[in-house]
Number of protein chains: 2
Amino acid sequence: MTHSCRTLRSFSRAVVNAHYDGRMPRRSAEDRAPSQVDVARAAGVSTQTVSRVISGHPNVRPETARRVMAAVDAVGYRWHAAAASLASGRTRTIGVILVSTARYSTSAILLGAEGAAAEAGYTVITASVPQHSGPAAFTDAFDRLERQGSEGIVVLAPVGFLAEALGSRVERTPTVGHRQSDGIGADALIDQRAIARMATEHLLDLGHRTVWHVSGDEFWQESSARRDAWEAVLLERGATPPPVIPGDWSPASGYRAGRTIAAIPDATAVFVSSDEMAFGVIRALHEARRAVPGEISVVSVDDIALAAYATPALTTVRQPFEEVGRAAAMRVIELIEQREPVSVEPLRPELVLRASTAPPKG
Amino acid sequence: MTHSCRTLRSFSRAVVNAHYDGRMPRRSAEDRAPSQVDVARAAGVSTQTVSRVISGHPNVRPETARRVMAAVDAVGYRWHAAAASLASGRTRTIGVILVSTARYSTSAILLGAEGAAAEAGYTVITASVPQHSGPAAFTDAFDRLERQGSEGIVVLAPVGFLAEALGSRVERTPTVGHRQSDGIGADALIDQRAIARMATEHLLDLGHRTVWHVSGDEFWQESSARRDAWEAVLLERGATPPPVIPGDWSPASGYRAGRTIAAIPDATAVFVSSDEMAFGVIRALHEARRAVPGEISVVSVDDIALAAYATPALTTVRQPFEEVGRAAAMRVIELIEQREPVSVEPLRPELVLRASTAPPKG
DNA sequence: ACCGGAAATGTTTGCGTTCACATTATGACG
DNA sequence: CGTCATAATGTGAACGCAAACATTTCCGGT
């Protein structure tokens with residue numbers, strides 16, 4: 001790898017390709033892969049007809065198509081995506097920006113997006129951004145995806161500064177984020193406030209006087225959205241919102257929060273912003289001999305596969321992650337193809353009742 | 001979407017593009033995006049020089065490079081990946097095939113691969129395959145990735161039939177699987193037998209007479225590799241291997257297995273093939289009033305974030321998922337660039353001692 | 001048999017880049 | 001100060017495909 005001209009650093013990072021590594025000799029005419037020209041010759045038709053058959057155009061006689069496909073097999077032809085992109089101006093590729101923290105939700109959303117994209121004939125390329133990155137990392141990732149030809153981009157990282165970080169980029173490349181309030185042209189994929197509302201109301205409905213809250217990583221917009229909604233519900237119902245106990249999505253942070261809660265004598269109900277944190281919370285409570293749900297009820301968010309196998313099994317608000325991914329991908333594709341959205345309904349979270357909540361004692 | 005010629009179904013699925021959806025008008029000369037020609041004109045150099053600057057070739061005078069980059073900014077030039085691919089014959093893209101089940105390991109490995117690829121200047125495209133798919137789904141995914149220009153492919157699905165399903169494909173496109181025994185040209189990324197060995201020996205060393213085993217989904221080669229090694233260790237140490245209790249990686253299957261184990265009076269130690277299943281096992285044991293690790297020790301595999309927050313905290317054999325992803329990506333890239341492997345060492349699993357194992361009573 | 005319109009196919013051109021090779025500038029050395 | 005090697009730049013062509021447009025074939029209605 002030879003890099004030249006460090007002085008260029010100050011210029012558009014969006015353009016420079018840093019990975020020069022020697023020339024690649026052009027293949028000689030003999031060992032070149034067969035092209036549509038070869039197929040056309042073998043089938044006795046024009047290259048255009050070959051192109052039409054390959055890309056599924058109508059108006060080709062079945063018999064001709066059959067001949068062409070036979071020729072394809074005979075010469076071992078393989079479609080060349082790059083050439084097609086160059087000629088057509090289309091790549092049928094969407095980019096996904098994800099934060100590089102391994103989590104169930106990450107893979108579920110990505111899988112959903114990939115599936116939906118594949119069904120629509122699109123390919124997904126990914127770019128990851130280190131956790132807690134600043135705006136620059138996001139613009140870099142965006143630029144990388146754009147340079148690879150993404151016709152649209154899904155940002156699976158609802159961070160507050162996204163809209164300003166991306167700036168005018170979102171005008172030339174359709175972009176979808178998690179949330180409407182990102183201001184990047186997408187409808188809300190899932191109503192985070194509804195999640196917090198369902199969780200908080202569930203605890204209040206059970207008879208708890210108030211509900212404590214372990215929040216997620218402040219880096220994520222979900223965290224503040226849920227916190228705000230939780231607070232709003234409490235005020236609405238005449239309860240006093242206790243101070244927020246900060247978390248960062250990790251089980252370890254949940255554990256720390258759990259120790260805090262265990263030390264609060266009159267705490268009887270907690271709304272924890274993720275299942276993983278809830279595991280930590282419950283373990284801390286357990287170690288402090290505070291029974292769940294006997295003394296303290298816990299409701300969380302996500303409904304990961306393990307939620308049902310916590311002790312006690314977690315009552316949680318399910319997020320349809322895969323659907324979120326599907327919806328995001330479908331929405332960008334609609335934007336790319338300038339179609340009307342099939343659905344503008346936000347996805348519905350769902351309260352899954354299990355064993356970690358109960359009415360307060362007495 | 002118009003589809004024609006169903007009769008073509010029988011021909012190479014590897015070639016046909018099913019997603020014709022009307023023509024896309026070619027953009028007129030005015031609103032066409034600026035190309036290297038425009039930059040060259042603005043900078044007063046040849047397009048070749050522009051190309052050299054953009055792609056980081058050496059042998060360009062710094063002053064010239066600066067002029068070119070200024071022109072790039074001035075005209076708003078953006079590099080066109082497809083055109084470059086066509087001209088150079090290289091796409092700098094690797095494909096990843098993954099099984100569409102959302103799991104921690106999936107995202108961790110993928111993130112690792114994406115990170116390593118990005119560092120080497122490669123882009124990652126993904127194709128998912130439904131869980132429990134037959135060979136056809138894998139070849140389809142492989143073909144999809146190839147048609148998009150993947151220069152190499154990472155298969156994150158160590159299924160037994162991979163080698164035969166992929167057939168000669170792996171000769172033209174460098175392919176890396178999880179395991180050496182895939183026979184698809186990759187070194188073992190992680191030694192599954194070592195995992196089983198560490199887990200089993202740990203329990204035996206604690207003094208247990210024998211070790212029961214809850215296996216993973218038979219679809220995955222890991223399952224049988226671990227089962228074989230577990231059995232081998234037992235025989236080696238003069239213990240009698242009890243019958244395998246089948247699981248499928250899910251917590252629910254672990255729970256079922258746990259109920260089975262709870263009914264076996266003399267079972268004192270279990271090697272569970274994944275942390276998620278271990279949660280299910282432990283819960284079933286707990287419900288059956290069988291103490292862990294008091295009566296029954298449990299050791300599992302993965303060391304997911306939640307492992308430390310199970311009750312009791314899971315003793316488990318950690319798999320370095322992200323490193324696996326990195327190694328896989330680096331290995332394909334080495335194959336693509338025909339370089340010698342930087343390292344052929346398989347990744348080392350690691351036994352993480354926590355609270356779910358103990359010596360047998362008495 | 002003739003006509004007209006649609007279906008089927010062919011011809012030409014251009015997409016934006018990099019390669020191979022050609023040429024010109026630069027600088028080290030005798 | 002001329003001579004080379006080497007660095008720096010330029011020229012022309014090719015990459016494989018689809019768009020646009022041109023042409024031919026087909027077929028139903030008269």
Side-chain angles (χ1 to χ4, degrees), chain A residues 2 4-5 15 17 20-29 32-41 43-65 67-68 75 77-92 147 149, chain B residues 2 4-5 15 17 19-29 31-41 43-65 67-68 75 77-92 147 149:
Chain A
T2 316
S4 73
C5 306
V15 167
N17 290 308
Y20 173 73
D21 52 353
R23 340 200 105 185
M24 205 59 183
R26 176 161 283 163
R27 289 194 291 185
S28 64
R32 214 175 34 228
S35 75
Q36 291 190 352
V37 176
D38 304 299
V39 176
R41 190 166 27 229
V45 297
S46 69
T47 62
Q48 183 56 223
T49 298
V50 175
S51 171
R52 277 192 273 252
V53 173
I54 300 298
S55 40
H57 281 61
N59 302 347
V60 174
R61 223 169 359 138
E63 164 53 23
T64 308
R67 271 214 331 279
V68 169
V75 305
Y77 167 77
R78 336 202 56 235
W79 189 66
H80 196 299
S85 295
L86 182 57
S88 70
R90 299 220 42 199
T91 58
R92 285 187 158 279
R147 286 196 303 128
Chain B
T2 316
S4 72
C5 307
V15 167
N17 290 308
H19 283 275
Y20 174 75
D21 53 350
R23 340 201 105 185
M24 205 63 184
R26 176 162 281 164
R27 289 196 291 185
S28 64
D31 63 0
R32 215 178 30 230
S35 75
Q36 292 189 354
V37 176
D38 304 300
V39 176
R41 192 168 24 233
V45 297
S46 69
T47 61
Q48 182 56 215
T49 299
V50 175
S51 171
R52 278 192 271 253
V53 173
I54 300 299
S55 40
H57 281 61
N59 303 347
V60 174
R61 224 169 359 142
E63 164 54 22
T64 308
R67 273 215 329 278
V68 169
V75 306
Y77 166 77
R78 336 202 57 235
W79 188 66
H80 197 298
S85 296
L86 180 57
S88 70
R90 301 222 38 200
T91 58
R92 285 187 158 279
R147 287 196 304 125

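In what follows, every heavy atom counts, from backbone to side chain, and hydrogens, waters and symmetry copies are set aside. Chain letters run A, B, ... following the sequence lines, proteins first and then strands; every chain starts at 1.
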Which atom of [X] lies closest to which atom of [Y], heavy atoms considered:
X: B:Trp79; Y: B:Ala84; value: CZ2-CB, 3.3 Å
X: A:Val75; Y: A:Pro34; value: O-CG, 3.2 Å
X: A:Ala40; Y: A:Thr47; value: CB-N, 3.7 Å
X: B:Val39; Y: B:Val68; value: CG1-O, 3.9 Å

- Query: Quick check: does any side chain N or O of A:Ser85 sit under 3.5 Å from a backbone N or O of B:Ala82, one acting as donor and the other as acceptor?
  - Reply: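 Such a contact is absent between A:Ser85 side chain and B:Ala82 backbone.
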Round to a whole Å and report the spacing from [atom1] of [X] to [atom2] of [N].
X: A:Gln36; N: D:dA19; atom1: CD; atom2: C1'; value: 13 Å
X: B:Arg67; N: D:dA8; atom1: CZ; atom2: P; value: 14 Å
X: B:Leu86; N: D:dC15; atom1: CG; atom2: P; value: 9 Å
X: B:Arg92; N: C:dT18; atom1: CZ; atom2: P; value: 12 Å
X: B:Arg147; N: D:dC17; atom1: CZ; atom2: C1'; value: 14 Å
X: A:Arg32; N: D:dA13; atom1: CZ; atom2: C1'; value: 12 Å

- Task: Walk me through it: do A:Thr49 and A:Ser46 pass the test side chain to side chain contact (heavy atoms under 4.5 Å, CB included)?
- Result: CA-CA 5 Å; A:Thr49 298; A:Ser46 69; 3.3 Å; yes
- Item | Overall bend - the helix from C:dA1-D:dT30 to C:dG30-D:dC1, comparing terminal axes fitted on five pairs, nearest 10 degrees |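 Axis-to-axis angle, ends of the helix: 30°.
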- Task: Look up atom NE2 in A:His80 and atom CG in A:Leu86, then write down how far apart they are to the nearest 0.5 Å.
- Result: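 These two atoms lie 10.0 Å from each other.
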- Item | Interatomic spacing from CG in A:Asp38 to CD in A:Gln36 - rounded to 0.5 Å |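 Reported to 0.5 Å precision, the distance equals 10.0 Å.
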- Item | Within residues 77-85 of chain A, residues whose heavy atoms come under 4.0 Å of DNA chain D |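 Close to the strand are A:Tyr77, A:Arg78, A:Trp79, A:His80, A:Ala83, A:Ala84.
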Enumerate the protein-to-nucleotides 7-11 of chain C contacts in which both atoms are nitrogen or oxygen and the separation is below 3.5 Å.
from, atom 1, to, atom 2, distance (Å)
C:dA8, OP2, A:Asn59, OD1, 3.4
C:dT9, OP1, A:Arg61, NE, 3.3
C:dT9, OP1, A:Arg61, NH2, 3.0
C:dT9, OP1, A:Thr64, OG1, 2.3
C:dT9, OP2, A:Arg61, N, 2.9
C:dT9, OP2, A:Thr64, OG1, 3.4
C:dG10, OP2, A:Ser46, N, 2.7
C:dG10, OP2, A:Ser46, OG, 3.0
C:dG10, OP2, A:Thr49, OG1, 2.8
C:dG10, N7, A:Arg52, NH2, 2.9

